[in-house]
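Here is how names work: the chains are called A, B, and so on, in the same order as the sequence lines, proteins then strands, and each is numbered from 1.
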2 protein chains.
Amino acid sequence: MQKIIYLHYKFDSMFSQSEENYLKAIYHLGITSVNGVSTNAIAKKLSTKASSVTDMIKKLADKNVLIYKKYQGVKLTEEGKKTAALIVRKHRLWEVFLVEKLNFNWDEVHDVAEQLEHIKSSKLINEIDALLGFPKFDPHGDPIPDTNGNLHLIEKKLLSTLHINETGICIGVKDSSASFLQFLDKQQIALGQEVEVLEKEDFDDSMTIKINDKKMTVSNKIANNLYIQKQ
Amino acid sequence: MQKIIYLHYKFDSMFSQSEENYLKAIYHLGITSVNGVSTNAIAKKLSTKASSVTDMIKKLADKNVLIYKKYQGVKLTEEGKKTAALIVRKHRLWEVFLVEKLNFNWDEVHDVAEQLEHIKSSKLINEIDALLGFPKFDPHGDPIPDTNGNLHLIEKKLLSTLHINETGICIGVKDSSASFLQFLDKQQIALGQEVEVLEKEDFDDSMTIKINDKKMTVSNKIANNLYIQKQ
DNA sequence: AATATTTTTTAGACAAGACTAAAAATGTTT
DNA sequence: AAACATTTTTAGTCTTGTCTAAAAAATATT
């Protein structure tokens, strides 16, 4: 008599930290494009070499989280998308936790969340979610995928695309580098504030806006990195 | 003209996850003995092979966190002790966090804390410490080292060493395996409860105690794993 | 003190993940 | 379509951390 043992491979997660980082990078890169994600794009995103990427995507293809045809780039499978989304979920929930509960500023959370996102415990992340009151967005305005990896996309435009007299609410940043976030802090620009476009300068694409009841001029680079929800 | 670059190796931590696990194991094993910690003891603690241990302790000796002489076992240096103590600090603070803030039971925290203890961010752990109100003990009654790695030892005895009519307070467990902790839960024995020894049985070293105003008989195995603070 | 046993170390191998350099495929020009 | 440029892959190497098997040292036993 022999007992059959069912291996529950999907118990929590079967991916190494490195594999998770690749999945997340491909997920982020693939979200915009309909085509496959190129080896070089992945290498650039992860600050690694194309040859290392080729090695890893072969491994991930064997694990059925992505489709790989030589020289054709890669595409995540449904399983791959879900796995990646759940890592993103963890990352963003930890960011909210750090800001809401531990007095981190929004420019300090990234590196720590980058580590915390790899902690394997579904109870842990669900309890964090509950502790925070099931937030739907992280401190940079990015949406938090639900427990199934689905995310509720919200309509948003870059500030730079608004026309004169249009108004909206500042709901996110495209560039979430510490330097940009610190710049916004200095200018007292924060998410949730109301914005109105007063003037646009053709010469350098700068624009004059009223934000938080203060009038100010922002460069195109700034306007290109602030997401606005149209009212 | 050449700029001199000072490398701040001590920034946060220069140890790999594996190195940290070895340091912690040696720290725990060395706390009791005055002699060095043997290769085999480390291998057993980490469920690895003696040959792997030899490799690693050579590397750690090169990094000046321990003293190693062939066939003589190892001893942590002051730097090694501090490094290890700070990992233990993180582990125990995370355990408190999980129990106090995330509804974990004391028998569920170990594996998750084992992962969380490797997160590198001094701000993170200090904020967790503050959020918890600077606790001095973890959920199993073990002391939490301070930011310098020092720990305040408290006088405690095993329940098994108490004599008839002696009383005390249950303040910790020696064995913190899930099965022992679940057993205590079932018996409604918890830290903080008052204990009085009513009877001791010479035959099997079991003892009858009054705990939490309930009379019960506990085996020697139990009494050997419960720490009592004498009143 | 000699032998047996246990512990520890060495030597060599392996897997994961990264790298360099060169080859192959694809894309772009003219 | 041929030549050039870019991207991607392959082949081989390296590091970290692990392992097995065998050798060496320390400890225990007779």
Side-chain angles (χ1 to χ4, degrees), chain A residues 9 13-26 29-30 33-76 80 83-84 87 114-115 117-118 120, chain B residues 9 13-26 29-30 33-76 80 83-84 87 114-115 117-118 120:
Chain A
Y9 281 117
S13 174
M14 53 220 148
F15 296 99
S16 73
Q17 207 147 310
S18 187
E19 289 171 330
E20 289 193 348
N21 285 334
Y22 275 90
L23 280 174
K24 195 172 53 129
I26 297 165
L29 291 167
S33 74
V34 195
N35 310 310
V37 177
S38 79
T39 304
N40 256 5
I42 301 168
K44 197 173 171 189
K45 184 112 187 171
L46 293 174
S47 309
T48 184
K49 302 290 156 156
S51 54
S52 308
V53 174
T54 304
D55 286 347
M56 182 57 95
I57 60 188
K58 281 178 184 169
K59 197 161 58 133
L60 291 173
D62 287 346
K63 293 194 177 189
N64 301 311
V65 284
L66 52 80
I67 305 295
Y68 166 58
K69 280 193 206 112
K70 276 191 191 180
Y71 297 99
Q72 306 275 127
V74 297
K75 252 186 189 176
L76 293 181
T83 306
I87 301 163
E114 205 76 355
Q115 298 178 63
E117 72 190 6
H118 299 294
K120 282 161 178 67
Chain B
Y9 282 117
S13 175
M14 54 221 149
F15 297 99
S16 73
Q17 206 148 310
S18 188
E19 288 171 333
E20 289 192 349
N21 285 335
Y22 275 90
L23 279 173
K24 195 172 53 128
I26 296 165
L29 292 167
S33 74
V34 195
N35 310 308
V37 177
S38 79
T39 303
N40 255 6
I42 301 168
K44 196 173 171 188
K45 184 111 185 172
L46 294 174
S47 308
T48 185
K49 301 290 155 154
S51 56
S52 308
V53 174
T54 303
D55 288 346
M56 182 58 94
I57 60 187
K58 281 179 182 167
K59 194 160 62 131
L60 291 172
D62 286 345
K63 293 195 177 188
N64 301 310
V65 285
L66 52 79
I67 304 295
Y68 166 58
K69 279 194 207 113
K70 276 191 192 178
Y71 297 99
Q72 306 273 128
V74 297
K75 251 187 189 174
L76 293 181
T83 305
I87 300 164
E114 204 75 357
Q115 299 178 64
E117 72 190 5
H118 299 294
K120 280 157 177 74

Can you check whether [X] has a side-chain N or O nearer than 4.0 Å to OP1 or OP2 of [N]?
X: S38(A); N: dT7(D); answer: no
X: Y22(B); N: dT18(D); answer: yes
X: K70(B); N: dA25(D); answer: no
X: N40(B); N: dT8(C); answer: yes
X: K49(B); N: dT18(D); answer: no
X: T54(B); N: dT9(C); answer: yes
X: Y68(A); N: dT9(D); answer: yes

How close or far is atom [atom2] of [N] from atom [atom1] of [X], stated in whole angstroms?
X: I42(A); N: dA18(C); atom1: CD1; atom2: P; result: 13 Å
X: D55(A); N: dT20(C); atom1: CG; atom2: P; result: 13 Å
X: E19(A); N: dA15(C); atom1: CD; atom2: P; result: 16 Å
X: D62(B); N: dT16(D); atom1: CG; atom2: P; result: 11 Å
X: K63(A); N: dA15(C); atom1: NZ; atom2: C1'; result: 12 Å
X: L60(B); N: dT16(D); atom1: CG; atom2: P; result: 12 Å
X: Y71(B); N: dT10(C); atom1: OH; atom2: P; result: 6 Å
X: N35(B); N: dT27(D); atom1: CG; atom2: P; result: 11 Å

May I ask you to test the Y22(A)-S52(A) pair for a side-chain heavy-atom distance under 4.5 Å? yes

With a 4.5 Å cut-off on side-chain heavy atoms, are M56(B) and L46(B) touching? no

Any base atoms under 4.0 Å from K44(B), or only sugar-phosphate, or nothing? Heavy atoms, all strands. nothing

Tell me what S52(B) touches on the nucleic acid: a base, only sugar-phosphate, or nothing, going by heavy atoms under 4.0 Å. base

Ranking Q72(B) and Q72(A) by the position along DNA chain C of their nearest nucleotide, the one closer to 5' is Q72(B)

Using heavy-atom distances to pick each residue's nearest nucleotide on DNA chain C, tell me which of S51(A) and M56(A) is more 5'. M56(A)

Do any N or O atoms from the side chain of T54(B) and from the backbone of A50(B) form a donor-acceptor pair under 3.5 angstrom? yes

Just by modelled atom types, is the K69(B) backbone N or O under 3.5 Å from a matching donor or acceptor in the Q72(B) side chain? no

Within this structure, what is the CD-CG distance for the pair E19(B) and L23(B), rounded to the nearest 0.5 Å? 7.5 Å

